[in-house]
Amino acid sequence: MTGLPKLAVCGSGNAGLSIAADSAFKGFAVRLFELDSLNGLIRPIQDAGGIEVTPTSETTSGRTGFVALEKATTDPEEAVAGADVIMITVPAMYHAAFFDAVAPYLCDGQIVLFNTAYWACLRLLPRMRSLPAKIILAESNIMPYAAQRDGGNRVHITRYKRNFRVAALPGRESDHVFAILRQVYSQFEKVETVLDIDVASGGNPAMTAPMTIPMAGLYFDRFRGGKLGAMATSMGSRLLNAYDADRERLARLLGSERFESQISYYCGTYGYKGDDMAQIMRKSDTIDWYATSDYVKQLIDEDLVYSYVPMVRMADSLGIDLAATRAIVEVLGIMLETDYWGMGPTLEDLGLAGLNLTQVKNLLMTCDPNATS
Amino acid sequence: MTVEKYPNVTVCGGGSGGLAMAADLAFLGCRVNLYEVPELRANLDPIRELGGIQLTGRTFSGKTGLAKLNAITDDPVEALAGSELIFINVPAMAVGPFLNHLVPHLSPGQVVVVTTSYWAALRFRQLLKDAGVFDRFVFAEMNIMPYLAGKTAPAEVEISNYKRELHLAAWPACGNEVALDLVRRVYPHTQPCRNVIELNLWPGNPGVHVQVALPRAAFFLERARVFHFYSEVSMCASRLTDAHDAERMSVAAAYGCESITWPEDCRRIYQYEGKNLYELHGSVTDPHAEKWNQIEEIERLLVEDICYSFIPMEQLAQVAGVPVPVTRAMVDITGVYTGYNYRAEAITLEELGLAGLNKDQIAAFATHGRI
């Protein structure tokens with residue numbers, strides 16, 4: 001690789017457009033990819049030949065306005081050809097669809113980064129293994145931006161995150177992946193394994209599930225929605241802390257030294273201050289952001305299905321009970337009439353069935369549970 | 001014992017439930033002694049000053065006004081003298097002190113009914129055995145206090161609704177018939193349960209306080225402090241109620257007991273209309289919704305429901321191999337909310353004399369008082 005890494009940004013939603021535009025401003029060759037079935041999302045960018053970033057946006061490049069992209073395409077082969085990093089910037093439920101679209105065209109040495117964690121690497125490990133190409137999977141704990149696109153080619157970036165983490169699967173490639181990705185975002189911090197991301201890091205899953213439960217009777221039937229910031233409560237903060245304590249126990253068991261509470265994550269990445277999440281959110285600049293109950297449920301669905309459920313299952317298999325996390329899944333499942341246990345990945349899906357702690361650690365570092373170190 | 005239309009009654013407890021019962025039964029025609037433990041004798045002073053209890057609302061007797069009592073006392077001997085039926089109307093955690101005062105002075109043939117269930121019989125089985133519960137008097141539990149009532153002044157109580165159906169089980173169950181005959185002379189709408197397991201897994205106590213509070217905890221426990229609890233019933237609470245009902249009824253079935261859902265019980269005992277908790281308490285005729293509650297009362301009810309019912313039910317479920325994940329989750333989440341260690345404070349199978357027994361032995365002990 002010479003010069004800046006070449007990027008393929010998969011997904012033309014809020015995050016995809018922000019990443020593509022800000023990276024293009026910084027001089028990266030960027031190709032934007034969207035599934036053909038969602039081509040309506042990418043057509044305005046194709047028509048305009050690039051993305052319009054609103055003048056009041058906060059970007060890492062310091063630039064706003066129009067930026068041209070090398071390509072905006074629904075052809076996966078064209079999108080990933082020659083790319084060093086393929087970023088999957090979509091919600092967890094679309095991870096597999098995007099991966100499957102580009103997989104046949106991947107080449108040796110390419111890095112596929114999932115920007116929103118949600119156990120993506122472990123979930124997609126079986127697919128990676130079946131590929132002829134030797135690629136590297138990677139995960140970050142959070143999207144680099146809080147942003148909102150419109151129906152055309154415009155995106156408004158509220159802010160960029162001050163720090164986020166990355167790790168590779170296999171973990172022995174984390175240094176290599178970090179060396180490349182830090183050229184794209186200097187905020188990247190390297191951690192050892194993807195479970196340092198999925199279990200030990202703040203970010204995704206968000207605080208929505210625990211913060212919503214003590215107000216569920218309002219969000220989900222009286223008001224049909226609410227302001228997650230303004231309606232943050234001490235009771236919700238306590239549930240969040242209990243969930244964090246569960247996370248910390250599992251992270252310690254896995255030998256992770258990178259545990260980060262949601263509070264320290266929010267304070268670090270947004271510059272907020274406060275002793276608990278209610279204080280933090282009530283002073284945050286998103287205090288007036290209103291979410292419909294359907295949207296709040298989408299956020300909860302993603303968090304529970306792709307993070308809480310695998311975490312509880314993994315902990316169970318390693319002999320510890322994450323009571324608060326399990327309870328959050330259980331009561332939200334009843335209150336929202338959703339079978340989260342049925343929707344979430346099983347230990348088999350994650351390749352963790354029957355593995356002991358040593359084998360799990362081996363899997364994380366080498367992709368082979370029975371590797372001898 | 002003289003056979004009269006109405007039995008002589010001792011009503012224990014100077015709270016709203018006790019006052020409502022004492023006044024309403026006095027209007028019904030019973031000779032009523034009101035008893036309060038010496039530690040709380042101050043509760044009785046305003047009643048003595050007024051010369052009785054001022055009763056308003058939807059009474060079972062159909063009467064309201066100043067109800068005159070035969071005795072107002074903190075002396076257990078005076079309270080029990082000449083009574084055939086003794087009702088104890090106090091929270092789960094207060095039953096022990098009352099029994100300690102009363103049991104040594106009970107006479108053969110007297111029937112004691114704890115109206116708040118919460119496993120009172122098995123919790124105090126040794127005290128009762130020593131006093132001769134098997135052959136000298138009858139001890140029974142009722143699933144719920146007969147009145148929905150609140151004090152409007154220290155000697156005034158308002159009954160917003162009375163229960164149209166009550167359930168009762170004696171321990172051991174051979175006392176059912178005697179207890180039922182006597183209780184039905186004041187509350188003819190009383191039905192028997194086969195044993196104290198069926199009774200404790202019947203709707204009533206535990207209430208739905210956990211289910212209602214969980215999705216509105218930020219309001220009840222953090223913001224409001226005084227509120228109309230039942231006006232806040234949400235569809236989320238309604239679904240939690242249905243899920244808990246399903247688990248409770250599975251545990252009951254595993255012990256050979258029958259049960260019904262909470263909404264079904266609500267329709268029967270309050271005559272509210274609706275297919276679920278949300279609709280039942282959303283009806284404009286629901287007096288529950290008009291009742292003011294304070295945070296301290298709800299916190300106490302959460303302790304009662306969880307420590308004296310949810311957790312022992314979990315333990316019985318475990319013995320019977322019945323999964324109760326929603327009940328368990330509600331206990332865990334409420335514990336995080338309040339910071340109260342319900343699991344450490346809960347009654348255990350050991351305290352109920354059921355530890356180490358299998359399902360059939362537990363059922364036998366609940367029915368016969370022995371395995």
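- Atom OH of Y295(A) sits in a sparse spot, with 12 or fewer heavy atoms from other residues, nucleotides or ligands closer than 6.0 Å.
- E330(A) and A329(B) get closest at one heavy-atom pair: CB-CB, 3.5 Å.
- To the nearest 0.5 angstrom, E232(B) atom CD is 7.5 Å from L218(A) atom CG.
- The heavy-atom pair separating M335(A) from C236(B) by the smallest distance is SD-CB, 3.5 Å.
- Both the backbone and the side chain of A323(A) come within contact range of chain B, judged by heavy atoms closer than 4.5 Å.
- Atom CZ of R225(B) sits in a sparse spot, with 12 or fewer heavy atoms from other residues, nucleotides or ligands closer than 6.0 Å.
- For the atom pair D332(B) CG and T325(A) OG1, the distance stands at 10.5 Å (nearest 0.5 Å).
- The number of heavy-atom neighbours closer than 6.0 Å to CD of E296(B), taken from other residues, nucleotides and ligands shown, is above 12.
- In this structure, E348(A) places its CD atom where more than 12 heavy-atom neighbours from other residues, nucleotides or ligands lie under 6.0 Å away.
- The backbone N or O of I334(A) lies less than 3.5 Å from no partner atom in the side chain of R239(B), so there is not a single donor-acceptor pair.
- Applying the 6.0 Å contact sphere to OH of Y94(A) captures no more than 12 heavy atoms from other residues, nucleotides or ligands.
- In this structure, T338(B) OG1 and M235(A) CE are separated by 8.0 Å, a value rounded to the nearest 0.5 Å.
- Heavy-atom minimum distance, D321(A) versus R328(B): OD2-NH2, 3.1 Å.
- Closest non-hydrogen pair, E222(B) versus T233(A), comes out as OE1-CB, 3.4 Å.
- Within a 6.0 Å sphere centred on CD of Q361(B), heavy atoms belonging to other residues, nucleotides or ligands number more than 12.
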